[in-house]
Amino acid sequence: MISTHPVPDTVALNDAKDRIEIIDQTLLPGRTEILFLETAEEIYDAIKRLRVRGAPAIGVTAAFALYLLMKKSGAADHAGFAEELDRQAAYLNASRPTAVNLSWALQRMKRCAQTALEAETPTGKAKNNTDGFSRLRTHVLEAMLREATAIRDEDINACRSIGEYGLSLIHDGDGILTHCNAGRLATVRYGTATAPIYRGHEKGLHLHVYCDETRPLLQGARLTALELSEAGIETTLLCDNMSSALMKAGKIREIFVGCDRVAANGDTANKIGTSAVAILAKHYHIPFYVCAPLTTLDPGTPDGSKIVIEERDATEVTDLWYKNRMAPDNEHFTVYNPAFDVTDHKLITAIVTPVGILRAPYEESISAALSRH
Ligand code: MRU
């Protein structure tokens, strides 16, 4: 078992169950502050601005959010409740398009609420009088809270299992490259791509992790390098364009990354720059592993060409980390800032999931993994 890190969960519901508490990741590594989210707009904004980010953490946030918003809803009857459920879920779902965990969690929460609404109203009585609806509302909210908590707990367990399976792929003395942050801060605890590393470290393996800084939002520098080095793991930061030199020098034994959506054929969307790392890995014969909870596998998307890629504001590239703007500013100048790219399944050595290590052909191994669980 991976021991609990002495830090707060990335996402939590407070004891009074009236607000979501997140570590505000835009302030890291300088400050660790807990941000309280109470309204739909605050939650939407926190996801959009990457105060909470990483596919699994976004999914858990969305699950708690839908419970919280329906608890605060003034809907007075069955139809009003159902209508608001749809509206709030659609609003939150629009905050970021690429990570499938967001829509998956919202769909699961909606299904849970709808089932509870219908199960309690076989005769339609509770729908139509105030007392009946009030009892029904309590029952639905209890079911939603259980479901959101289960989604949170399943994330924690999934990361633990990915850690166990991934451990079989690493060896004492390895240099490991990772891109972006698929760590503790991208999940509730442990992370996906970092789980085998935490587990190996816990078992006494000497590992050295190389973190791509991950332009333009620096999740590798600000988050991965922070959490791994604070856990006592030897960590070296490099700019994104340095990994080829590192691989050529023989410093990298394997590569672990996370993912935001894995299509049915294994094509994988992850942070921009991931596909370049995978292409380099193939050139240098280095295994390239994607770590994925089952919630990030999306059998409804046949291949990577169908994955919607989020494009973000130009100022993240031109201004965000600089004292002065570091690019021209005229009518002939534009910026290309996609947040993700798609790694072709042929470049992926294996997908490490909580139910085992999947190998090509991925259509078969992904579908078998999902149908077993
Ligand atoms: O834009 P971000 O920071 O949300 O992107 C995060 C990533 O690309 C992660 O690698 C991915 O979500 C997996 S997290 C376990």
Side-chain angles (χ1 to χ4, degrees), residues 9-11 22-26 28 46-62 95-105 154-156 158-163 166 177-198 211-228 240 255-262 268-278 288-298 307-313 316-317 320 337-343 348 351-354:
D9 284 351
T10 305
V11 184
I22 60 163
I23 298 173
D24 183 346
Q25 299 191 35
T26 60
L28 294 172
I47 296 174
K48 178 96 196 154
R49 290 175 188 275
L50 276 56
R51 296 188 192 286
V52 58
R53 32 89 25 223
I58 294 172
V60 173
T61 304
S95 56
R96 293 195 80 188
T98 305
V100 69
N101 305 58
L102 177 62
S103 55
W104 171 85
E154 287 166 22
D155 176 63
I156 295 170
C159 290
R160 279 200 184 109
S161 299
I162 287 171
L177 179 74
T178 188
H179 188 77
C180 192
N181 175 265
R184 166 175 70 75
L185 289 160
T187 63
V188 180
R189 294 177 207 161
Y190 315 128
T192 57
T194 54
I197 297 166
Y198 283 130
C211 302
D212 279 350
E213 69 174 349
T214 316
R215 283 278 294 159
L217 293 180
L218 305 186
Q219 290 93 331
R222 296 187 304 106
L223 309 177
T224 310
L226 174 73
E227 63 167 87
L228 292 177
D240 298 339
I255 297 162
F256 283 93
V257 297
C259 51
D260 286 81
R261 191 183 294 251
V262 179
T268 293
N270 191 50
K271 178 54 52 192
I272 190 71
T274 303
S275 66
V277 175
F288 181 88
Y289 299 118
V290 169
C291 295
L294 297 183
T295 50
T296 313
L297 305 180
D298 181 16
I307 299 176
V308 176
I309 300 293
E310 173 186 8
E311 289 218 25
R312 296 187 61 87
D313 201 276
E316 291 178 350
V317 176
L320 188 60
N337 185 18
F340 301 96
D341 60 22
V342 174
T343 299
I348 298 171
I351 302 177
V352 185
T353 76

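Being a predicted model, the structure only gives us computed values, none of them experimental. Whatever order the structure lists them in is the order used to number ligands and atoms, beginning at 1.
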*Which of the atoms of ligand 1 are close to Asp260, meaning less than 4.0 Å from one of its heavy atoms?*
7 (C), 8 (O), 9 (C), 11 (C), 12 (O)
*Do side-chain atoms of Thr268 reach the backbone of Thr343 as a donor and acceptor pair under 3.5 angstrom?*
no
*asked:* Which heavy atom of Pro216 sits nearest to which heavy atom of Val317, and what is that distance?
replied: CB-CG2, 4.1 Å
*Specify the protein heavy atom at minimum distance from atom 9 (C) of ligand 1: its residue, its atom name, and the distance to 0.1 Å.*
Asn270 OD1, 3.4 Å
_Side chain proximity check, Trp104 to Thr296, heavy atoms < 4.5 angstrom_ = no
_Distance under 4.0 Å to a non-hydrogen atom of Ala55: what atoms of ligand 1 satisfy this?_
12 (O), 14 (S)
*asked:* Please check: side-chain N/O of Thr295 versus main-chain N/O of Asn101, any donor-acceptor pairing under 3.5 Å?
replied: no
*asked:* Under a 4.0 Å threshold between the charged nitrogen and the carboxylate oxygen, would Asp240 count as salt-bridged to Arg215?
replied: no
*Under 4.0 Å from ligand 1, counting heavy atoms only, is it the side chain of Asn181, its backbone, both or neither?*
backbone
*asked:* If only side-chain N and O atoms count, and only distance matters, is there a donor-acceptor pair under 3.5 Å linking Ser275 with Asp341?
replied: yes
*Please state which part of Pro56 comes within less than 4.0 Å of ligand 1, counting heavy atoms only: side chain, backbone, both or neither.*
side chain
*Considering heavy atoms of the protein only, find what lies nearest to atom 14 (S) of ligand 1 and give residue, atom and distance to 0.1 Å.*
Ala186 CB, 3.4 Å
*Looking at Gln219, which atoms of ligand 1 are within less than 4.0 Å of one of its heavy atoms?*
1 (O), 2 (P), 3 (O)
*Measure from atom 3 (O) of ligand 1 to every heavy atom in Arg53, Lys271, Arg96 and give the option owning the shortest one.*
Arg53
*Which atoms from ligand 1 have a heavy atom of Thr192 less than 4.0 Å away?*
15 (C)
*Does Asp24 offer a backbone N or O that forms a donor-acceptor pair with the side chain of Thr26 under 3.5 Å?*
no
*For Glu227 and Asn181, does a side-chain donor sit closer than 3.5 Å to a side-chain acceptor?*
yes
*asked:* Taking 4.0 Å as the limit for heavy-atom contacts, which would you say applies to Ala182 with ligand 1: side chain only, backbone only, both, or neither?
replied: both
*Would you mind finding which of Ala292, Cys259, Gly54 brings a heavy atom closest to atom 13 (C) of ligand 1?*
Cys259
*Applying a 4.0 Å heavy-atom criterion (strictly less than), which segment of His179 is in contact with ligand 1: side chain, backbone, both, or neither?*
neither
